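A quick write-up on the structure given underneath.
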Amino acid sequence: MRKKVILSVFSAALIGSYPLGALATETDRSPASVGQQLEQPIEKFVSVDDFLDAALKEFSYQHASEEMRDEIVNRWVLPGELDGRKAAITNGEAARITIRALGIEDDEKSLEDYLNTAKTQRLFNAHVQVNAPLTAAELSTVLSGYKTAPAHGITDAGVDEISVEDFMKNPGDFGYELSPDGNYISYSSSWENRFNVFVKEMGEDSEPVRVTSSKDHDIVASFWKDDQILYLKDGGGDENYHIYSSSFKGQEERDLTPYPGVRVELLSVLQGIKDEILITMNKEDPTVFDVYKLNIKTGETTHVAKNPGNIVSWLADHDGKIRMAVESDGVDSTVLYRDSEKDEFRPFVQTAKGDTITPIAFSKDNQSIYALSNKDRDKVELVKLDLQANEEVMYSNKQVDVLNGVYDRTQDKILYSLYMTDKRHYEFHDKNFEALFNELKSKLNVSESELLIVDYNKEMTKFIVAVTSDKVYGTYYYYDSTTKALTTLAELGSWLDPDQLADMHPISYKSRDGLTIHGYLTMPKNKKPENLPLIVNPHGGPWARDMWGFNPEVQLLANRGYAVLQVNFRSSSGYGKEFLDAGNKQWGLKIQDDITDGVQWAIDQGIADPDRIGIYGASFGGYATLAGITFTPDLYAAAVDYVGVSNIFTLLETIPPYWETIRNDLYKRVGHPVEDKELLEAVSPVFHADKIKTPLFVAQGANDPRVNQAESDQIVEALRARGIDVEYMLKENEGHGFQKEENRIEFYNAMVRFLDTHLK
């Protein structure tokens with residue numbers, strides 16, 4: 001298959017506020033007698049190390065991660081610029097660091113230039129000399145002036161209010177993909193208020209052709225098979241996706257897998273095999289997925305591999321044969337292998353203790369596989385395994401898991417590894433692809449973290465490229481590497497002005513038991529970062545993580561004047577096995593402490609007003625919302641629970657049938673309803689509703705297969721039984737989150753009104 005790559009207010013250091021050993025103490029450097037020197041006041045000069053430490057505390061929000069602090073310092077200080085970390089730093093050197101931290105470095109050539117620029121920003125007193133050591137008094141001036149520097153452009157007036165509709169309506173054309181021959185391009189766009197699929201011929205002035213006609217529900221994904229378009233759609237949020245053919249190229253638009261209550265997933269498009277694809281379905285047994293060949297012209301399915309009841313994933317080789325599978329009891333797993341489809345599977349690699357191996361692809365000769373693995377290590381790494389399971393590590397990162405290795409079938413190689421620390425980063429394994437990436441980065445004048453190569457043709461001459469950031473929803477481009485022509489295809493949310501949107505800052509802090517917690521803090525635009533109303537927004541999962549990038553609901557809240565805190569609490573994925581496992585059976589306990597500690601961190605920095613703290617989350621984030629107002633009832637002044645869990649017992653009783661293979665993992669990570677009965681009762685908010693006094697708004701989709709409607713009904717009924725008025729929005733035509741544009745807009749309008757009522 002072709003690849004797809006589908007983010008203390010430091011108290012101003014006053015003279016004498018440092019330990020004596022932390023500052024270089026020197027006398028006046030002008031010639032003078034000993035007696036004269038003794039009569040002069042002793043100046044306290046700041047060392048390089050201490051200036052950097054103070055700057056990191058004041059100029060960044062990385063207060064706990066040494067690795068991220070080192071990365072920031074490496075951006076501020078280039079090789080050879082400073083002689084030693086213990087020496088006193090000069091005013092010019094301190095000015096250079098500060099100007100880079102502000103992001104306004106221009107054409108400064110000398111330290112004198114940097115100091116002059118810093119003086120225009122009112123960061124240094126006019127009389128200071130470029131080569132004189134920075135004093136503690138001058139450090140105080142720099143630190144206190146940083147956040148009010150003219151470069152920030154903060155008047156504390158905020159920005160104009162942008163409507164909920166502008167943030168939450170369908171953003172425009174997206175999901176661009178090239179046909180295998182590169183002659184057509186497909187994408188999703190709104191028609192009748194629902195996402196449908198359109199196709200346009202490349203190099204032609206003809207109008208795009210709509211090839212689907214869905215009026216009831218959005219089409220969630222589409223893909224090419226040769227010169228045909230196929231798409232996936234479910235029924236009103238039930239997540240039982242079917243594969244449909246489109247009306248493109250004379251093909252009839254119809255459901256190719258018309259089986260009620262069955263979930264279909266794409267396994268392989270079977271390149272080189274005409275009219276057939278590999279899919280998995282839970283048609284025979286709702287708890288597991290078998291493998292089928294599907295003829296996209298006739299709709300005929302052929303059973304290829306039977307699931308004995310414990311297979312959680314399958315992998316086809318380059319010839320389209322199922323040669324590898326992963327079996328699991330929900331905790332430990334085994335990668336299975338067979339020489340041909342006529343042979344029985346045999347153990348290939350055994351894992352234990354929650355280790356995982358995720359196969360990516362076979363090599364072209366079918367003699368090795370590429371995989372993501374954390375077997376016998378903490379972090380997930382990109383590896384290559386031969387058929388004797390001998391392992392070669394291709395890429396690892398000390399800070400985080402490798403998220404993906406992108407394999408190119410034509411070249412038979414991994415093009416790059418993808419990982420995310422503060423932002424998205426790449427490790428390239430192919431020099432030609434790296435050169436292309438850097439060429440596009442230069443053409444578009446963007447950073448590595450803002451650029452995505454979404455799709456390309458077999459010859460790697462035609463590319464779909466996307467640019468996105470924390471303040472840019474996304475822009476798609478078409479790039480022809482033979483002509484070097486770069487053409488804009490679509491700009492998502494074109495009506496949103498990036499200059500009116502808010503920066504998302506990567507942060508880190510220490511939990512009360514010493515873990516480093518990462519996350520993101522988004523500040524309202526043109527507001528002083530002081531005493532702001534704060535919304536803490538715990539993510540779902542909890543085995544997921546927040547990432548740097550455009551988030552319309554975060555931007556909506558920031559536009560309304562809220563600071564928004566997103567916390568990758570323990571059990572979040574991406575930070576290694578130990579961090580993930582630290583959240584086992586800690587729902588409402590240490591996981592919740594991490595969230596609470598994040599709120600306290602924001603209060604301690606002077607950013608958040610302790611009397612105006614709100615909490616809003618979806619799915620597990622909804623559980624964390626309810627847990628927050630249950631177990632720390634005095635912390636929050638308002639709460640919004642969106643498709644959240646209130647009763648862990650009923651959650652475990654009503655999981656989708658195809659989650660049965662991970663039930664033991666849920667028991668390990670959440671708790672067993674019998675063996676851990678007291679624990680689950682203690683951390684299920686519905687049993688402690690008498691503690692809740694925070695105003696609450698609940699939203700739920702009636703067709704939610706993950707967090708059933710009963711989860712919201714229970715907590716609403718428990719509170720109303722106590723005479724507490726809970727705002728409750730239930731949508732009969734939605735599932736796990738509101739996908740329909742009109743419902744989305746209604747929900748966020750109601751949420752903003754609710755939060756404003758209680759926090760402003």
Side-chain angles (χ1 to χ4, degrees), residues 285-288 308-312 326-334 350-356 374-375 378 511-513 515 538 540-544 569-573 576-596 617 619-628 630-632 643-691 704-715 718:
D285 181 345
T287 66
V288 293
N310 60 350
I311 302 297
V312 294
V326 178
E327 68 174 10
S328 176
D329 63 3
V331 177
D332 298 331
S333 61
T334 304
Q350 176 72 49
T351 68
K353 301 177 183 176
D355 293 356
T356 59
N374 66 359
K375 177 177 166 56
D378 182 58
S511 69
R512 65 189 67 182
D513 60 352
L515 279 183
W543 311 288
F569 39 78
R570 72 190 70 203
S571 78
S572 297
S573 60
K577 188 165 42 185
E578 184 178 337
F579 189 82
L580 187 77
D581 291 346
N584 289 352
K585 298 186 181 180
Q586 293 299 316
W587 285 36
L589 301 171
K590 290 184 178 179
I591 292 176
Q592 201 68 32
D593 288 345
D594 292 345
I595 298 169
T596 303
S619 194
F620 174 82
Y623 165 81
T625 295
L626 294 176
T630 302
F631 306 124
T632 52
V643 297
V645 177
S646 67
N647 183 339
I648 297 176
F649 293 101
T650 52
L651 169 75
L652 295 172
E653 288 170 4
T654 57
I655 60 173
Y658 45 83
W659 282 14
E660 279 301 320
T661 51
I662 65 167
R663 181 177 286 278
N664 287 336
D665 191 50
L666 291 173
Y667 289 164
K668 167 191 167 185
R669 298 196 181 279
V670 183
H672 192 285
V674 177
E675 297 170 8
D676 300 304
K677 182 174 183 290
E678 291 184 3
L679 167 69
L680 299 187
E681 285 180 345
V683 299
S684 291
V686 73
F687 300 122
H688 310 280
D690 59 309
K691 298 178 181 178
D704 192 337
R706 308 187 199 188
V707 178
N708 288 188
Q709 179 184 331
E711 294 301 316
S712 291
D713 288 349
Q714 288 177 77
I715 195 68

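Everything numeric here is computed off the predicted structure, so don't read it as measured data. Residues: numbered from 1 along the sequence shown.
In this structure, Asn647 contributes its side chain and Val686 its backbone to no donor-acceptor pair below 3.5 Å. Between the side chain of Asp285 and the backbone N or O of Thr287, at least one donor-acceptor pair lies under 3.5 Å. Under a 3.5 Å cut-off, the side chain of Ser646 and the backbone N or O of Glu711 do form a donor-acceptor pair. The backbone N or O of Pro685 sits nowhere less than 3.5 Å from a side-chain atom of Tyr623 that would complete a donor-acceptor pair.
Taking the side chain as every heavy atom from C-beta outward, Leu679 and Leu589 approach each other to under 4.5 Å. Side chains of Pro542 and Trp587 form a contact here, defined as non-hydrogen atoms less than 4.5 Å apart. Contact check for Trp659 versus Arg706: side-chain heavy atoms found under the 4.5 Å cut-off. Using a 4.5 Å heavy-atom threshold, the side chains of Arg570 and Asp513 count as touching. Considering only heavy atoms from C-beta on, Ser571 stays 4.5 Å or farther from Gln586 through its side chain. With contacts defined as side-chain heavy-atom distances shorter than 4.5 Å, the pair Leu652/Leu680 qualifies. Here the side chains of Lys677 and Phe649 are in contact, with some heavy-atom distance below 4.5 Å. Considering only heavy atoms from C-beta on, Phe620 stays 4.5 Å or farther from Pro538 through its side chain.
For the atom pair OG of Ser572 and CH2 of Trp543, the computed distance is 11.5 Å after rounding to the nearest 0.5 Å. In this structure, the separation between CG on Leu515 and NZ on Lys590 is 8.5 Å, given to the nearest 0.5 Å. For the atom pair NE2 (His688) and CD1 (Ile715), the distance works out to 10.0 Å, reported to the nearest 0.5 Å. In this structure, CG in Asp355 is found 10.0 Å from CG in Asp378, a value given to the nearest 0.5 Å. Distance check, rounded to the nearest 0.5 Å: CD of Gln592 to CG of Leu626 gives 9.5 Å.
Atom CD of Gln350 has more than 12 heavy atoms from other residues, nucleotides or ligands within 6.0 Å. Atom NZ of Lys375 is surrounded by more than 12 heavy atoms from other residues, nucleotides or ligands within 6.0 Å.
Minimum heavy-atom separation, Asp332 to Ala352: OD1-CA, 3.3 Å. Residues Asp665 and Gly330 share a closest heavy-atom pair of CB-O, 2.7 Å. Closest of all the heavy-atom pairs between Ala624 and Ile595 is CB-CD1, 3.8 Å. The minimum heavy-atom distance between Phe631 and Ala682, with the atom names listed, is CZ-O, 3.4 Å. Listed here is the closest heavy atom pair of Arg669 and Leu580: NH2-CD2, 3.6 Å. Contact record, Ser333 with Ser328: CB-CB, 3.9 Å, taken as the closest heavy-atom pair.
A donor atom on one side chain and an acceptor atom on the other are found under 3.5 Å apart for Thr650 and Gln714.
Taking Arg663 as the reference, Glu660 meet the salt bridge (charged side-chain N to carboxylate O under 4.0 Å, His left out) condition, with sequence neighbours excluded.
Of the options Ile648, Thr630, Ile591, a side-chain contact (heavy atoms from CB on, under 4.5 Å) to Val683 is made by Ile648 and by none of the others.
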Test side-chain contact (heavy atoms from CB on, under 4.5 Å) on Asp704 and Gln709; report intermediate values, then the result. CA-CA 7 Å; Asp704 192 337; Gln709 179 184 331; over 6 Å; no
